[in-house]
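Here's the structure, in structure tokens; my notes come after.
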Protein chains: 2
Amino acid sequence: MAIVDEMVCFALYSASRATTRAYTELLAPWKLTYTQYLVLVILWTEGEKPVREIGEVLQLDSGTLSPLLRRLEDKEFIVRQRDVQDSRVVNVSLTSSGHALQNDLAHIPAQIACGTGLPDLKAAQALIKSLHRVTESMQEISSPDK
Amino acid sequence: MAIVDEMVCFALYSASRATTRAYTELLAPWKLTYTQYLVLVILWTEGEKPVREIGEVLQLDSGTLSPLLRRLEDKEFIVRQRDVQDSRVVNVSLTSSGHALQNDLAHIPAQIACGTGLPDLKAAQALIKSLHRVTESMQEISSPDK
DNA sequence: CCAATTTAAGTTGTGCACAATTGAATTGTG
DNA sequence: CACAATTCAATTGTGCACAACTTAAATTGG
């Protein structure tokens, strides 16, 4: 069983990189990365959010997010503002071009849907469930809480 | 279906990062990364190999492998030697400490097996199959051949 | 035979992931 | 109130992933 599990990990690693490459290609005209796209998806669906909450959703820390958000700000898709109530907090919100991207990139989910090669909704849901189990379980053997 | 497929991608991304973190923790005493470990696994099972073949197995180019192999060489787990027949080729082989690591790290597969949280062999094989399908399919929508 | 092409590895540069640290602001507690 | 502990974001540093390019060697095709 042990060797098979290392195969699971490698298969995961390969599949993840393949999907990231697919996104990279689809996003190339806008020079956006997959992680930058994920941040935009959050902002499109949930509106203004502090850096910390974005980090909770994506499980990324400020070491990753700070420079990434700076790049999104340089591209003028988002703005960052210190919170008035609590000035430790930085709120991230979309600019008008950031909002406009939602339509420009509306074709991507369907392209990705095709790219997964999964036969039907059922297969996709089964895979998601299986992946969630692996994620949770791996987090447990990793460092205390988090 | 489209949104579910983006969920598949995010689940993949999360699971992959969670497993990499788990490996990182297990490998910490030797200051090895997951990718370095993968290279060692290849060398343990297949012996001396040129850089190009390692790259084919892991789907990594020399831009990733060259510095990674240099670090493994700095740690004296491997040596690199120009091929006598074809001096474009660099052959990678294990040193004695590199060989010795195979025993030192023999506990890792079992720890990872536990970490996947998968109920049985059948579930693991189903997941691998599903991930292979996604990888292949994603590679198809990505840049021509490769 | 030799010029053009191809192949292998390395280098450079960008961005993400993550650990560790810093600094500023807030909160909790005596 | 005072001050210790906590929280949040940013910074620094390491290593991987990958694109683009370089260099050197081998192959090929005329």
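Per chain, numbering begins at 1; letters A, B, ... match sequence-line order. Not measured: the values here are computed from a predicted model.
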**Message:** Under 4.0 Å from OP1 or OP2 of D:dC8: is there any side-chain N or O of A:R52 that close?
**Reply:** yes
**Prompt:** So which one's nearest nucleotide on DNA chain C is more toward 5', B:T24 or A:P67?
**Reply:** A:P67
**Request:** Looking at every strand, decide which applies to B:T33 at a 4.0 Å heavy-atom threshold: base, sugar-phosphate, or nothing.
**Result:** sugar-phosphate
**Asked** Rounded to the Å, how far apart are B:D83 CG and D:dA24 C1'?
**Response** 15 Å
**Request:** Return the value, rounded to whole Å, for the distance between atom CZ of B:R82 and atom C1' of C:dT7.
**Result:** 12 Å
**Prompt:** Is the distance from OP1 or OP2 of D:dG15 to the nearest side-chain N or O of B:T35 less than 4.0 Å?
**Reply:** no
**Asked** Between C:dC18 atom P and B:L27 atom CG, what is the distance in whole Å?
**Response** 15 Å
**Fill in**
Sorted by chain and number, sequence neighbours left out, side-chain hydrogen bond (donor to acceptor under 3.5 Å, both in side chains) with B:E56 holds for B:R52
**Fill in**
Mate of C:dG30 across any strand shown (Watson-Crick or G-U wobble, both atom pairs under 3.5 Å) is D:dC1
**Item:** Side chain B:T45, main chain B:I42, donor-acceptor under 3.5 Å
**Value:** yes
**Fill in**
Checking B:Y13, B:Y23, B:Y34, B:Y37 against A:Y13 for ring-ring contact (aromatic ring centres under 6.0 Å, His included), the one that qualifies is B:Y34
**Prompt:** Should B:Q85 be listed as having a side-chain N or O under 4.0 Å from OP1 or OP2 of D:dA26?
**Reply:** no
**Message:** At less than 4.0 Å, is any side-chain N or O atom of A:R70 found next to OP1 or OP2 of D:dA10? Yes or no.
**Reply:** no
**Item:** Presence of A:Y13 side-chain N/O under 4.0 Å of D:dA17 phosphate oxygens OP1/OP2
**Value:** yes
**Message:** To check you understand the geometry: which heavy-atom pair defines the closest contact between B:A22 and A:M138, and what is its length?
**Reply:** CB-SD, 3.7 Å
**Message:** What I want to check is whether an N or O donor and acceptor connect the side chain of A:S87 with the base of C:dA25 at under 3.5 Å.
**Reply:** no
**Request:** Compare side-chain N and O positions of A:S66 against OP1 and OP2 of D:dA10 and report whether any pair is under 4.0 Å apart.
**Result:** yes
**Request:** Just call it for B:R80: base, sugar-phosphate, or nothing, with non-hydrogen atoms closer than 4.0 Å on any strand.
**Result:** sugar-phosphate
**Request:** Would you kindly compare A:D86 and A:A18 by the position of their nearest DNA chain D nucleotide and give the one closer to the 5′ end?
**Result:** A:D86
**Asked** Which nucleotide sits closest to the side chain of A:T64: C:dA8, C:dC16, D:dA10?
**Response** C:dC16
**Request:** Looking only at side-chain atoms of A:V89, point me to the closest of C:dA9, D:dA9, C:dC16.
**Result:** D:dA9
**Distance below 4.0 Å between A:R21 side-chain N/O and D:dC18 OP1 or OP2** = yes
**Message:** Whole angstroms only, please: what is the CG-C1' distance between B:N91 and C:dT7?
**Reply:** 15 Å
**Prompt:** What does A:E53 touch in the nucleic acid at a heavy-atom separation under 4.0 angstrom: a base, only the sugar-phosphate, or nothing?
**Reply:** nothing
**Message:** Taking the minimum atom-to-atom distance to the side chain of A:R88, which one of D:dC8, D:dA17, D:dG15 wins?
**Reply:** D:dC8
**Item:** Euclidean distance, atom CZ of residue B:R17 to atom P of C:dC16 [Å, nearest integer]
**Value:** 12 Å
**Fill in**
Testing D:dA17, D:dA9, C:dA24 for proximity to the side chain of B:L60, the answer is D:dA17
**Prompt:** Roughly how many Å is it from NZ in A:K31 to P in D:dC18, rounded to a whole number?
**Reply:** 18 Å
**Prompt:** Does the side chain of A:Q59 get closer than 4.0 angstrom to OP1 or OP2 of C:dA17 through an N or O atom?
**Reply:** no
**Item:** Candidates B:L127, B:T19, B:I112 - the one meeting side chain to side chain contact (heavy atoms under 4.5 Å, CB included) with A:V8
**Value:** B:L127
**Asked** Can you name the closest pair of heavy atoms from B:L38 and B:L58 and give their distance?
**Response** CB-CD2, 4.0 Å
**Asked** Choosing from C:dG10, D:dC18, D:dG15, which nucleotide comes nearest the side chain of B:R71?
**Response** D:dG15
**Prompt:** Choosing from D:dT6, D:dA10, C:dG10, which nucleotide comes nearest the side chain of A:S62?
**Reply:** D:dA10
**Message:** Rounded to whole Å, please give me the gap between CD1 in B:I78 and P in C:dA9.
**Reply:** 13 Å
**Asked** How is B:L65 classified with respect to the nucleic acid when contacts are heavy atoms under 4.0 Å: base, sugar-phosphate, or nothing?
**Response** nothing
**Fill in**
When rounded to whole Å, the CG to P distance for the pair A:D61 and D:dT7 reads 16 Å
**Prompt:** Which pairs with one or both residues in residues 82-94 of chain B pass side-chain hydrogen bond (donor to acceptor under 3.5 Å, both in side chains), sequence neighbours excluded?
**Reply:** B:D83-B:N91, B:D86-B:R88
